[in-house]
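First up is the structure itself, then whatever we jot down about it.
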There are 2 protein chains.
Amino acid sequence: MANAKNDYPELLLENQLCFPLYACSKEIIKRYRPFLDELELTYTQYLVMLVLWERQSLSSKELGQALYLDSGTLTPVLKKLEEKGLLSRRRSDDDERNLIVSISEAGEELKHRAAHVPQSLASCVKLDADEAQELYRLLYKFLGSL
Amino acid sequence: MANAKNDYPELLLENQLCFPLYACSKEIIKRYRPFLDELELTYTQYLVMLVLWERQSLSSKELGQALYLDSGTLTPVLKKLEEKGLLSRRRSDDDERNLIVSISEAGEELKHRAAHVPQSLASCVKLDADEAQELYRLLYKFLGSL
DNA sequence: GATAATTCAATTGTGCGCAATTGAATTGAA
DNA sequence: TTCAATTCAATTGCGCACAATTGAATTATC
């Protein structure tokens, strides 16, 4: 009988770069939950708000490009955030195909309550600052190479 | 008016380690799709098969620990893979609470057709071997620290 | 040996995430 | 100018992903 451990070593779970990416992503998102629950935001909603806290107004398409999300994901998330009163959605005057997403007063307020989240998360992660820096650099290089 | 770019620099999307993890994970999974389509596997099903190609038989709980997945995710995935004939599910004789998942003949066959997938994926990624190695190391350290 | 606590898979409900499609608005080419 | 191609958001359908709960099986405590 073939040695299942070694006949295709490239198929070992531990030899796939994709898996730790997938696992890390899910695990870190789980760590956000208690902090985001306080803000009544899901992780995806939080990402949208991060962009809006930087750029008060932008098109749905630009938002999708920033977050690597398509309209199938964004449309319902943006509708939910509008229901919560954190942003407004309107069509562009220039081009009615474009949806302009703008942060509301309440959305701006929420920024102050969210300010502690990154620091709270950082305390869950036990990486040296320079290792975190290197991980960050490699992830962006990886992302850029795809 | 406050400078929205700088009043909470820690809230900038680009300053969050979580985001490139999340984006890389999603993008890399997308790259798998054309190759996994040929095998008629989803990414999650592929992960399950990777484990089974290493360990021909194990409990659902062990599988969940290996993949960081809970029963709510695994139960329907395992049922689907059983329907496809790639594995079998049975209760443990020792402890009826445990579900034993075992690879089938067809599941073993599929391994040969999957053998090229890691190499095909690697060609999508433009990282030096030592950078990939370092990324790998940091991701596992990160995962272990959570 | 009764029963309380624990440990499982399974179920339920919600929210993505995305491929594929639709339909409206705009742009481009003849 | 007409009509074909493009570019958008929105919709549809499917498959996770996971929190919370349920109920059965097992283990621990008394």
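No hydrogens, no waters, no symmetry mates; every other heavy atom, side chains included, goes into these values. These numbers were taken from a predicted model, which means no experiment stands behind them.
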Practice problem: Sequence neighbours left out, what pairs pass ring-ring contact (aromatic ring centres under 6.0 Å, His included) with at least one residue falling in residues 83-133 of chain B? | Solution: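 Listed by first then second residue: A/Tyr8-B/His112.
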Using atom [atom1] of [X] as one end and atom [atom2] of [N] as the other, report the distance to the nearest whole Å.
X: A/Asp93; N: C/dA25; atom1: CG; atom2: P; result: 14 Å
X: A/Leu74; N: C/dC18; atom1: CG; atom2: C1'; result: 12 Å
X: B/Asp95; N: D/dT26; atom1: CG; atom2: C1'; result: 6 Å
X: A/Tyr68; N: C/dC18; atom1: OH; atom2: P; result: 12 Å

Quiz prompt | Sequence-distant partners of B/Tyr68, side-chain hydrogen bond (donor to acceptor under 3.5 Å, both in side chains), two or more places apart | solution = none
May I have the list of side-chain donor-acceptor pairs in residues 37-49 of chain B shorter than 3.5 Å, sequence neighbours left out?
{"from": "B/Asp37", "atom 1": "OD2", "to": "B/Arg33", "atom 2": "NH1", "distance (Å)": "3.4"}
{"from": "B/Thr42", "atom 1": "OG1", "to": "B/Gln45", "atom 2": "N", "distance (Å)": "3.2"}
{"from": "B/Gln45", "atom 1": "OE1", "to": "B/Thr42", "atom 2": "N", "distance (Å)": "3.1"}

Not counting sequence neighbours, list each pair that qualifies as a salt bridge (Lys or Arg N to Asp or Glu O under 4.0 Å) and has a residue in [range].
range: residues 133-146 of chain A; answer: A/Glu134-A/Arg137, A/Arg137-B/Glu131, A/Lys141-B/Glu131
range: residues 19-28 of chain A; answer: A/Glu27-A/Lys30, A/Glu27-A/Arg31
range: residues 76-88 of chain A; answer: A/Glu82-A/Arg89

Quiz item: Among all residues two or more places apart in sequence or in another chain, which pass the side-chain contact (heavy atoms from CB on, under 4.5 Å) test with B/Glu62?
Solution: B/Arg55, B/Leu58, B/Ser59
Quiz item: So which nucleotide does C/dG17 pair with, by the Watson-Crick or G-U wobble rule with both distances under 3.5 Å?
Solution: D/dC14
Practice problem: Take A/Asp94 and A/Leu69, find for each the nucleotide of DNA chain C with the closest heavy atom, and name the residue whose nucleotide sits nearer the 5' end. | Solution: A/Leu69
Self-check item: Separation of A/Leu17 CG from B/Cys24 SG (nearest 0.5 Å)
Solution: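 The CG atom of A/Leu17 is 9.0 Å from SG of B/Cys24, to the nearest 0.5 Å.
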Exercise. For DNA chain C, determine which residues of residues 22-47 of chain A have any heavy atom closer than 4.0 angstrom to one of its atoms, and list them numerically.
Key: A/Thr42, A/Thr44, A/Gln45
Practice problem: Would you give a per-nucleotide map of nucleotides 5-12 of chain D, 5' to 3', where B means the base has a protein non-hydrogen atom under 4.0 Å away, S means only the sugar-phosphate does, and - means neither? | Solution: -BBSBBB-
